[in-house]
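Read through the structure below, which is laid out as structure tokens, and then see the notes.
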Amino acid sequence: MAMNEKIRLIIDTDPGQDDAAAILAAHGLARRGLVDFLGMTVVAGNVGMALTAKNARIVCDWAGEEDFPVYAGAVKPLLRELETAEAVHGKTGLDGTALHEPRCPLQKQHAVAYLVETLSRAEDASMTLCPIGPLTNIALALSIAPEAVRAIKRIVLMGGNYFEAGNMTPAAEFNFFTDPHAAQIVLQSGAPITVLPLDVTHKAQITSERMNRLRRLKNANGSRLADILQSYERFDIQQFGLEGGPLHDPCAVICAVFPELFSGRMCRVDVETQSGLSTGACAVDWHGTTGKTPNALWITEVDADRMFEELTAAIAELP
């Protein structure tokens, strides 16, 4: 990223505890002058739309951004019924801290209409999209207005798995499993795409030491985020035997701004949409065996210490 070049960012999200960390980080990065955080679109995923739309606005309140534009979008996947993840994120989607009725209003415009309008008006290769939930909104926008791809500098998304087992089924990660058809549409859209799969997010864990650094921040959001992540981490520690809960969604936001902290390989990536046992699984042509043109940068490595330093620095900018 060139000096003084702000990333023009839209986050698509389904909050969700680690989504909250990603949203707070984006607001903090905006306060650091690194991001022009334009808006947030919301999709059903970790919990249903009523709660994801509410939670996104609550997190904006926490960040001191009570007028931030938040748009509600798809209430279910393109072709499947919605399967939520309350077992991980709790009944509210934001277990671990006290919640309130949001002051930040929900915009009247539909999220997909907002995406189509914003991308259609933007200059070529000027917009960064950061989807950290199921890809339904993004797939709908790019299906309605495929020419809008020209405005996308990069889609930096959290989803998928290849080297790591799935966290929703043995074969599939939650976001891609929830709406595999949308994931496949986005991957075939022609947009420049960076994928942050479980292969890398499991290497970015919220250890006790990192949690304590958040608690030591002299603001409300440091301790609040530590409480949320402490509630959230128990599921992944129990399921995968990890040292701490993976910071899945913050990986995407930090990668959008600090890509030098991440590495991977350009690959051909496709998502299984048919088979019941492997629905949502990724076919990652890691060794180029198909001869198909690569369509995504598949991330496998992260400098987790540096990533968490940047995340903590962003949270430190908040109230």
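A donor and an acceptor atom, one from each side chain of N221 and R224, are located under 3.5 Å apart. With no hydrogens or angles considered, no side-chain donor-acceptor pair links T52 and D14 at under 3.5 Å. In summary, the side chains of Q17 and D249 do not present any donor paired with an acceptor at a separation below 3.5 Å, with no hydrogens or angles considered.
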side-chain contact (heavy atoms from CB on, under 4.5 Å) between L9 and D36, worked out: CA-CA 6 Å; L9 179 69; D36 185 4; over 6 Å; no
field: side-chain contact (heavy atoms from CB on, under 4.5 Å) evaluation trace for R154 with L129
entry: CA-CA 7 Å; R154 185 155 290 274; L129 304 184; over 6 Å; no
L297/R265 under side-chain contact (heavy atoms from CB on, under 4.5 Å): CA gap, chis, key distance, verdict: CA-CA 5 Å; L297 176 59; R265 183 183 295 184; 5.5 Å; no
- request: In sequence, state the C-alpha distance, the side-chain angles, and the governing distance for T273 and F176, and then conclude on side-chain contact (heavy atoms from CB on, under 4.5 Å).
  value: CA-CA 10 Å; T273 60; F176 280 21; over 6 Å; no
message: If you apply the rule salt bridge (charged side-chain N to carboxylate O under 4.0 Å, His left out), what do you find for K76 with D179, and how did you get there?
response: CA-CA 9 Å; K76 67 179 291 294; D179 199 340; over 6 Å; no
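Without hydrogens or angle criteria, E317 side chain to G28 main chain gives no donor-acceptor distance under 3.5 Å. Distance alone, capped at 3.5 Å, places no donor-acceptor pair between the E164 side chain and the L198 backbone. When atom types are taken as modelled, the side chain of T169 and the backbone of A172 share a donor-acceptor pair closer than 3.5 angstrom. Of the possible polar contacts, one joining the S143 side chain to the A139 backbone as a donor-acceptor pair under 3.5 Å is found. For the pair N137 (side chain) and D12 (backbone), a donor-acceptor distance under 3.5 Å is absent. In this structure, the side chain of Q109 does not engage the main chain of A111 through any donor-acceptor pair within 3.5 Å. In this structure, the side chain of D199 engages the main chain of F163 through a donor-acceptor pair within 3.5 Å. Using a distance-only test at 3.5 Å, with no hydrogens or angles considered, no donor-acceptor pair links the side chain of R150 to the main chain of A125. No donor-acceptor pair closer than 3.5 Å links the side chain of Q205 to the backbone N or O of T207. In terms of modelled atom types and a separation under 3.5 Å, the side chain of K203 and the main chain of T300 share a donor-acceptor contact.
The pair E123-R8 fails the salt-bridge criterion, with no side-chain N (NZ, NE, NH1 or NH2) lying under 4.0 Å from an Asp/Glu carboxylate O. Ion pair D227/R215 flagged as a salt bridge, since at least one NZ, NE, NH1 or NH2 atom sits closer than 4.0 Å to an Asp/Glu carboxylate oxygen. Between K153 and D124, none of the side-chain N atoms (NZ, or NE/NH1/NH2) sits under 4.0 Å from a carboxylate O, so this pair counts as no salt bridge.
Distance CG/D18 to CG/L247: 7.5 Å, rounded to 0.5 Å. A distance of 7.5 Å separates CD1 in I185 from CG in L140, rounded to the nearest 0.5 Å. In this structure, the separation between CG on N212 and OG on S223 is 12.0 Å, given to the nearest 0.5 Å. We find the CD-CG distance between E310 and L261 to be 6.5 Å, quoted to the nearest 0.5 Å. Distance CD/Q184 to OG/S189: 10.5 Å, rounded to 0.5 Å. One finds the OG1 atom of T290 at 3.5 Å from the CG atom of D285 (value rounded to the nearest 0.5 Å).
By the side-chain contact (heavy atoms from CB on, under 4.5 Å) test, S263 pairs with E301, sequence neighbours left out.
For the pair V70 and L106, the tightest heavy-atom approach, listed with the atom from each and the gap, is O-CD1, 3.5 Å. Of all heavy-atom pairs between V116 and S120, the closest is O-OG, 2.6 Å. The shortest non-hydrogen separation linking F262 to C251 is CZ-O, 3.6 Å. When all heavy atoms of R80 and P180 are compared, the pair lying nearest together is CD-CD, 3.5 Å. Scanning both residues, I23 and F37, for their nearest heavy atoms gives O-CE2, 4.3 Å. Across every non-hydrogen atom of P250 and A21, the tightest pair is CG-CB, 3.6 Å.
Centroid-to-centroid, the aromatic rings of F68 and H27 come within less than 6.0 Å. When ring centroids are compared, H110 and Y71 stay outside the 6.0 Å threshold.
The closest side-chain heavy-atom distance from C267 to V284 is below 4.5 Å. For the pair V112/I144, a side-chain contact is recorded, criterion being any heavy-atom separation below 4.5 Å from C-beta on. Contact of the F258 side chain with the M307 side chain is not registered, since no non-hydrogen atoms from C-beta on lie closer than 4.5 Å. Side-chain contact between F308 and R213 is present, with heavy atoms from C-beta onward closer than 4.5 Å. Annotation: side chain of R57 is not in contact with side chain of M40 (no heavy-atom distance under 4.5 Å). The shortest side-chain heavy-atom distance between C255 and T194 falls under the 4.5 Å cut-off. Contact annotation: the side chain of E83 never approaches that of T178 to less than 4.5 Å [non-hydrogen atoms, C-beta and beyond]. N167 has its side chain out of reach of F177: every pair of non-hydrogen atoms, C-beta onward, lies at least 4.5 Å apart.
The number of heavy atoms from other shown groups lying within 6.0 Å of CD (E147) is above 12.
Among residue pairs with one or both ends in residues 97-106, those qualifying as side chain to side chain donor-acceptor pair (under 3.5 Å) are K54-E101, D61-H100, E66-R103; sequence neighbours excluded.
Residue V271 is not grouped with residue V200 when hydrophobic side chains (ILVMFWY) are merged at heavy-atom distances under 4.5 angstrom, including chains of intermediate members. Residues I132 and V43 do not share a hydrophobic cluster, clusters being chains of Ile/Leu/Val/Met/Phe/Trp/Tyr side chains in contact below 4.5 Å. Clustering ILVMFWY residues whenever any of their side-chain heavy atoms sit less than 4.5 angstrom apart, transitively, puts I299 in a cluster other than the one holding L187. Following chains of ILVMFWY side-chain contacts shorter than 4.5 Å, one can reach I152 starting from V186, so the two form part of one hydrophobic cluster. Hydrophobic clustering of Ile, Leu, Val, Met, Phe, Trp and Tyr side chains at less than 4.5 Å, counting indirect connections, keeps L78 apart from L115.
Classified by interplanar angle (parallel below 30°, tilted 30° to 60°, perpendicular above 60°), the ring pair W298/Y162 is perpendicular.
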